[in-house]
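The structure under discussion appears below in the form of structure tokens.
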Amino acid sequence: MKAQIVSLIEQALNALKQGENWPEDLRPQVQVDLTRDKSHGDLASNIAMTLAKPLRKSPRDIAQQIISALPASPMVNKVEIAGPGFINFYLNNSAVASVITDVLGQGSNFGRSTIGQSEKVQVEYVSANPTGPLHVGHGRGAAVGDALCRLLQATGHDVTREFYYNDAGAQIDNLARSVQARCQGLEPDSDQWPTDGYRGDYIKDVAQSYLAGDRIDAEDKHVTGAAEPDNLDAIRDFAVAYLRREQDLDLKAFGVNFDVYFLESSLYSEGKVDEAVKQLVENGHTYEKDGALWLKTTDFGDDKDRVMRKSEGGYTYFVPDVAYHLNKWQRGFSTVINEQGADHHSTVTRVRAGLQALNAGIPEAWPDYVLHQMVLVMRGGEEVKISKRAGSYVTLRDLIDEVGRDATRYFLVARAASSQLTFDIDLAISQSNDNPVYYIQYAHARVCSVLRKLAEQGWQWSAEHSCDTLDRLSEEAELALMKRLSAYPATVTAAATHREPHTIANYLRELAGEFHSYYNSFKMLDDDEGLRNARVALSVAVKQVIANGLDLLGVSAPEEM
RNA sequence: GCGCCCGUAGCUCAGCUGGAUAGAGUAGGUGGCUUCGAACCACUUGGUCGGGAGUUCGAAUCUCUCCGGGCGCGCCA
């Protein structure tokens, strides 16, 4: 209905443009918003105020001209000028109620759109190295990244979900030596414990499994333990596969899946790293200094140049990173979104600089980044430090087990990624009934309950027939609910374009709140058949939109609780 | 010192590309189940939107500058 009002205003403006001598280049953007206060009507536009300066007239005069030029519309009851020059539109009830017909007709497709035009988009998220179980920070990345993917799919993008991990290099060597030490019966506090070794108890589990000769089946790796404590290579392969499998299980329990697992080692084995380096050297953006090879990232906005090849001969991590992103570009992803922890934000400039230096026609601001800030974990009133090496640790699986999958996902995705997040485990566990996610789910379950009750009473209801009775919905609460429902599609597209899945959580909270309030004030299953059918239709529409929205967040919509 | 993020009610946080009297949860207070599920609702207490300056019809929102907190600033990833 918003689009129709915008169209009416545009027609009025075009008419005015003929009569008046408006500047040619004046192309006003018509903005129409749902009003916050019902005394301001249903929809309002600030167009007159934005035109005041270029036209050198008072906003209220312009508003009056626009109103006079507005074409008649069956959905508009009244138009008023208010305040400094707002144009307020009052809609008739049937125009507002048409959203119910839309929701019931479109079902799970309500809110979905094709604005993405099947653009190939890749989202890389989690991308944890296989050196330990996933922790809360990874959980936030998983929740945000997955919700982003769902949003992009809902808006018509062709989405690929990708997980990149480092299965070679110094960290993996540390891992292998740590497992080996456990195989030899060493404890982390031993003098002989490897420097920078991983001290967590899970290392002991890996060692035991290796010595037992277990077979490990991870998503992309299958390894049998060689049971030889001296064979560091075998231990390395086994440990990586073991921890990859653990992460797979964590992600599966969290309801997060990937299309592609990309191994850093493949970039080396397929010569992609050497190719990228060669290209960078040929393009003249590198130089030798102190026995190392440097990339002049300062040519592309970095504050200092970066070492590509260390004096000992190995590449620094960002070289395979650049090769990896070149590979993404070559795979045809016009948009790539990297969801990462903000502690790695320094890679953004570096990767982009490397890609520019390749001179491969990649846009300067490519790829996109969504960076989430740190998660502060509270337990027993104290902050739990996350340290893999120390082994003090809140794993994602602990959270799922203790708090529940739905609540964990909701908590981690309900806040803006740019804000730090305090996850109070005690609160999430002990007061789990006051959890906002249950509040939303409860609204859904309530409608399901109403439908069960309806059937028990022997009453019939169908979406098709109820549409004739929607004019019975005239209570303030009902009109407000319907307006809220009609705002859903725009909420979805905005969340997708701005990459802000948390706005869906906000929307659902408000929708659920309005529904609970409505439910407590009015009887759904009224004896009056017309009124009853109309109210049930509204309730079912609310249930549908809650289900659609929760699905975007990866949270379930239970029929009973 | 430089870069990024944050600073809104006691606490945790929303406030869409600037819009009409700043919102929610939680905590505190008072009420509401013989009636569709009380995991709910109604009312109520509580804020110089960190400070200051600027941009304009209008700023929590944009710009600048201070103050405070987080995270980065490796020939680690």
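Worth knowing before you read on, the calculation uses all heavy atoms, side chains too, and leaves out hydrogens, waters and symmetry mates. For clarity, every value in this text was computed on a predicted model and none was experimentally measured. We name chains A, B, ... by the order of the sequence lines, and we start the count at 1 in each one.
For B/rC75, its base never sits under 3.5 Å from the side chain of A/Thr316 at any donor and acceptor pair. In terms of polar N and O atoms assigned as donor or acceptor, the side chain of A/Asp33 never comes within less than 3.5 Å of the base of B/rA20 in a complementary pairing. Counting distance only, with no hydrogens placed and no angle test, the side-chain atoms of A/His345 and the base atoms of B/rG3 include a donor-acceptor pair under 3.5 Å. Between the base of B/rG19 and the side chain of A/Asn46 there is a donor-acceptor pair shorter than 3.5 Å.
Comparing B/rC43 with B/rU48, their C1' atoms sit 28 Å apart, to the nearest whole Å. For the C1' atoms, the distance linking B/rU65 with B/rA22 amounts to 25 Å, nearest Å. For the C1' atom pair drawn from B/rG1 and B/rC76, the interatomic distance equals 23 Å after rounding to whole Å. To the nearest whole angstrom, the two C1' atoms, one in B/rG69 and one in B/rG28, are 28 Å apart. With C1' as the reference atom, B/rG47 and B/rA24 are 14 Å apart, rounded to whole Å. The separation of B/rU8 from B/rG46, taken at their C1' atoms, amounts to 13 Å, rounded to a whole angstrom. Of the P atoms belonging to B/rU17 and B/rC62, the separation is 9 Å, rounded to the nearest Å. Nucleotides B/rA60 and B/rG15 are separated by 8 Å at their C1' atoms, to the nearest Å.
At B/rC36, none of the side-chain N or O atoms of A/Arg532 fall inside 4.0 Å of OP1 or OP2 (strictly under the cut-off). Dashed line: the shortest gap from a side-chain N or O of A/Lys304 to OP1 or OP2 of B/rG74 is under 4.0 Å. For A/Tyr410, no side-chain nitrogen or oxygen approaches OP1 or OP2 of B/rG25 to under 4.0 Å. Under 4.0 angstrom from either OP1 or OP2 of B/rA77 there lies no side-chain N or O belonging to A/Tyr317. Taking only side-chain nitrogens and oxygens, A/Ser449 comes nearer than 4.0 Å to OP1 or OP2 of B/rG37.
Between A/Glu478 and A/Arg535 there is a salt bridge, since at least one side-chain N of the basic residue sits less than 4.0 Å from a carboxylate O of the acidic one.
Taking atom CG of residue A/Asn520 and atom C1' of nucleotide B/rG31, one finds them 14 Å apart after rounding to whole Å. Atom C1' of nucleotide B/rA77 and atom CG of A/Asp167 are separated by 13 Å, given to the nearest angstrom. A straight line from CG of A/Asp303 to P of B/rG1 spans 16 Å, rounded to a whole angstrom. Residue A/Lys289 contributes atom NZ, which lies 13 Å from atom C1' of B/rG74 at whole-angstrom precision. Computed from coordinates, the A/Tyr439 OH to B/rG37 P distance equals 18 Å when rounded to whole Å. In this structure, the OH atom of A/Tyr518 is 18 Å from the C1' atom of B/rA42, given to the nearest Å. Nucleotide B/rU17 holds its P atom 14 Å from the CZ atom of A/Arg499, rounded to whole Å. In this structure, CZ of A/Phe515 is placed 11 Å from P of B/rA38, rounded to the nearest angstrom.
With B/rA77, B/rU35, B/rG37 as the choices, the nucleotide that has an atom nearest any side-chain atom of A/Ser346 turns out to be B/rA77. For A/Tyr442, the listed nucleotide lying nearest its side chain is B/rG37; candidates were B/rG37, B/rA77, B/rC6. Nearest to the side chain of A/Met374, among B/rG70, B/rA39, B/rG72, sits B/rG70. For A/Tyr519, the side-chain atoms get nearest to B/rG37 when compared with the rest of B/rC76, B/rG37, B/rA20. Counting only heavy atoms from C-beta on, A/His516 has its side chain closest to B/rC41 among B/rG37, B/rC41, B/rA77. Checked against B/rA24, B/rC57, B/rC16, the side chain of A/His498 finds its nearest nucleotide in B/rC16. For A/Met524, the side-chain atoms get nearest to B/rC36 when compared with the rest of B/rC36, B/rA38, B/rG19. Comparing atom distances between the A/His344 side chain and each of B/rA77, B/rG72, B/rA38 picks out B/rA77 as nearest.
A/Lys453 comes within 4.0 angstrom of the backbone, heavy atoms only, and of no base. Residue A/Asp424 is classed as having no contact, given no heavy-atom separation below 4.0 Å to the nucleic acid. In this structure, A/Glu560 reaches the bases: a heavy-atom distance under 4.0 Å links it to at least one base atom across the strands shown. No contact: A/Ala495 has no heavy atom under 4.0 Å from any strand. Across all strands shown, A/Ala170 has no heavy atoms under 4.0 Å from either base or sugar-phosphate atoms.
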Pairs of donor and acceptor atoms involving the side chains of residues 45-54 of chain A, under 3.5 Å and at least two apart or interchain, shall be tabulated with distances.
residue : atom : partner : partner atom : Å
A/Ser45 : OG   : A/Gln31 : O            : 2.8
A/Ser45 : OG   : A/Ile47 : N            : 3.2
A/Thr50 : OG1  : A/Ile47 : O            : 2.8

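Annotation: cation-pi pair A/Arg532/A/Trp459 present, NZ/CZ under 6.0 Å from the ring centroid and within 45° of its normal. Cation-pi geometry between A/Arg244 and A/Tyr165 is met: the NZ or CZ atom falls under 6.0 Å from the ring centre, inside 45° of the normal. For the pair A/Arg509 and A/Tyr439, the cation sits on the ring face: its NZ or CZ lies under 6.0 Å from the ring centre, inside 45° of the axis.
The partner of B/rG68 is B/rC6, by the rule that a Watson-Crick or G-U pair needs both atom distances under 3.5 Å. Pair assignment for B/rC13 gives B/rG23, based on Watson-Crick or G-U wobble hydrogen-bonding distances that are each under 3.5 Å.
Each salt bridge (Lys or Arg N to Asp or Glu O under 4.0 Å) pair with one or both residues in residues 484-504 of chain A, not counting sequence neighbours, appears once here: A/Asp368-A/Arg499, A/Arg484-A/Glu510, A/Arg484-A/Glu514. Within the structure, salt bridge (Lys or Arg N to Asp or Glu O under 4.0 Å) pairs that include any residue of residues 403-413 of chain A comprise A/Asp146-A/Arg409 (at least two apart or interchain).
Side-chain contact between A/Leu479 and A/Leu473 is absent, with no heavy-atom pair separated by less than 4.5 Å.
In this structure, A/Arg452 and A/Phe318 both approach RNA chain B, and ranking their closest nucleotides by distance from the 5' end singles out A/Arg452. Of the residues near RNA chain B, A/Gln373 and A/Thr35, the one whose nearest nucleotide (by heavy atom distance) lies more toward the 5' end is A/Gln373.
An aromatic stacking contact between A/Phe86 and the base of B/rG19 is absent, as defined here by ring centres under 5.5 Å apart and ring planes under 30° from parallel.
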- Item | Contact letters for nucleotides 7-14 of chain B, in which S counts primed atoms plus P, OP1 and OP2 and B counts the base, heavy atoms under 4.0 Å | -----SSS
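Classified by interplanar angle (parallel below 30°, tilted 30° to 60°, perpendicular above 60°), the ring pair A/Phe262/A/Tyr324 is tilted. The aromatic rings of A/Tyr507 and A/Tyr488 lie tilted to each other, with the angle between the two planes from 30° to 60°.
Base orientation for B/rC11: anti, the chi torsion being more than 90° from 0.
Every residue two or more places apart in sequence or in another chain that forms a side-chain contact (heavy atoms from CB on, under 4.5 Å) with A/Ser113 is listed here: A/Ile115, A/Thr155, A/Thr493. A/Val79 is linked by a side-chain contact (heavy atoms from CB on, under 4.5 Å) to A/Ile67, A/Leu70, A/Val76, A/Ile87, A/Phe89, counting only residues two or more places apart in sequence or in another chain.
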